[in-house]
Amino acid sequence: MRNLSLLQVGVAFAAAVQGLNVLITNDDGFGTANIRELYKQMTDLGHSCYIVASATSDVGSGTRLDFTNSPKLTRNGDWDLVKAGAPSIGPDLDDGRIWYYNGTPAAQVVVALDYILPTFTKVKTPDLVISGPNSGWNMGPFLYTTSGAIGATYMAIERGIPAVAFFSGNTVPTPYFWVNASTRAGLQDPATITARLASTLVQALIDKAAGSRILPQGYGLTVNLPYITSYTNEQCTNPPFVLSRMGGNAEVKAVFNSKTGLFNRSRDSGSDDSQCANGNCKIPAEKDVLNSGCMSSVTVFAVDYSAPYKWECFNISDVTALVPVIVQLNGSTPLIGGLGPNASIVGNVSLPPTPSPGSTPPPMTTISSIGVKAQWSLSVLMASLGVFAFQF
């Protein structure tokens, strides 16, 4: 059994920081609370971080490499953070390390690698690419091939850069200026806790590598975090990381709107795609981990699509060799929370919770994802009532 002792956790969390150059992207947009909070957490850990993401949400694009065909934005960005008529690429007015570019997530990565970083920074090639945390889970190989966030991840891996993708069970994207110092429950904002979990796992990977590559060439991680409940209670605020393999039963379908004559997508429960073809089939599927309660699934993947023959590449006999000790085996006792034992999630109660009733941010231009189809008016109402995300 891969049990995790408190001593091991203490060593992992006390390890010296090795500052890296980190590129952060997503498919929800550069103004979301999740990506900005992760940027803060990784920066606080001593890393040089850069955000390059779109001004508007662009989900479900897989590895499609679409560059904008207009030198200027043709519509306002999400939450009106960038106005129509602005250049299609540019830095945030308050932080020159945060950029937007309105291409697909895969295009955002290559634009960052080939233009933004070498032109405007001293970074030639980042040490790591992080995609997300995105709103909504991404389970199974079917969604793996259609996810824009995953597309950004394996675009980086194909360029020789280790990459990790994070997905959150809190399904509605919110703007970074809505992050609560303390929720009505007196706890940290779900976006802050989500970012802390993501940065903790990334730092554990960095510490484990001890100055060498974070992951072998061609390998990446995809991590699904559960719904964080800190808007209302502590029920799920420190989920443990549990090793998983790809597996879910999501099916993307085309939905015809007879009034508009157009199609849109929806995700329904479909045939179970958890058939194990590669790796250790005793490891539970992502859906089994996430459906077991307050746990995060951590899946190791490779961009080599060849059918398995035998385990010989890199002499890796077990994927547990690739993940840090805070990623535990299902059934380990005790399961230690991803933030570490006795981690505090208490909010800064000296500051009032936001958003307050009646405060309505500019609308997000597009709120749609493979796993979510939300109406902004409803999400504003739910947020005003103190609920971070409405589960659809």
Would you call Arg196 and Asp44 a salt bridge, using N to O less than 4.0 angstrom?
no
Taking 4.0 angstrom as the limit, do Asp95 and Arg36 come out as a salt bridge?
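No salt bridge links Asp95 with Arg36.
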Can you tell which of Leu113, Leu128, Ile161 makes a side chain to side chain contact (heavy atoms under 4.5 Å, CB included) with Leu23?
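Of the listed options, the one satisfying the test is Leu113.
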Asn170 side chain to Pro190 backbone, donor-acceptor under 3.5 Å:
no
Spacing of OG belonging to Ser48 relative to CG belonging to Asn21, to within rounding of 0.5 Å:
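Taking OG in Ser48 and CG in Asn21, the distance rounds to 5.0 Å.
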CD1 of Ile193 to CD1 of Ile228: how many Å apart, nearest 0.5 Å?
6.0 Å
Is there a side-chain contact between Leu20 and Ile206 (heavy atoms, below 4.5 Å)?
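When only atoms from C-beta onward are counted, Ile206 and Leu20 do touch, with a gap below 4.5 Å.
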Evaluate the side-chain proximity of Glu286 to Trp137: yes if any heavy-atom separation is below 4.5 Å, no if none is.
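Contact flag for Trp137/Glu286 side chains = no.
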Hey, could you give me each pair passing disulfide (SG to SG under 2.5 Å) that has a residue in residues 151-245? Not counting sequence neighbours.
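Residue pairs passing disulfide (SG to SG under 2.5 Å), neighbours aside: Cys236-Cys294.
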Measure the acute angle between the ring planes of Phe256 and Phe263, then classify it against the limits of 30° and 60° as parallel, tilted or perpendicular.
tilted
side-chain hydrogen bond (donor to acceptor under 3.5 Å, both in side chains) evaluation trace for Glu37 with Thr192:
CA-CA 6 Å; Glu37 288 297 287; Thr192 302; 2.7 Å; yes
So if I apply the side-chain hydrogen bond (donor to acceptor under 3.5 Å, both in side chains) rule between Asp189 and each of Thr194, Asn180, Thr174, Thr183, which one comes out positive?
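Single pass found, and it is Asn180.
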Any residue meeting side chain to side chain contact (heavy atoms under 4.5 Å, CB included) with Thr121, in chain and number order, not counting sequence neighbours
Tyr50, Leu117, Val123
Say whether Ser244 and Thr299, considering side chains only, have a donor N or O and an acceptor N or O under 3.5 Å apart.
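Side chains of Ser244 and Thr299: pair found under 3.5 Å.
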Set of ring pair (Phe, Tyr, Trp, His ring centres under 6.0 Å) partners for Phe30, sequence neighbours left out
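Counting only residues at least two positions away or on another chain, Phe30 forms a ring pair (Phe, Tyr, Trp, His ring centres under 6.0 Å) with Tyr100.
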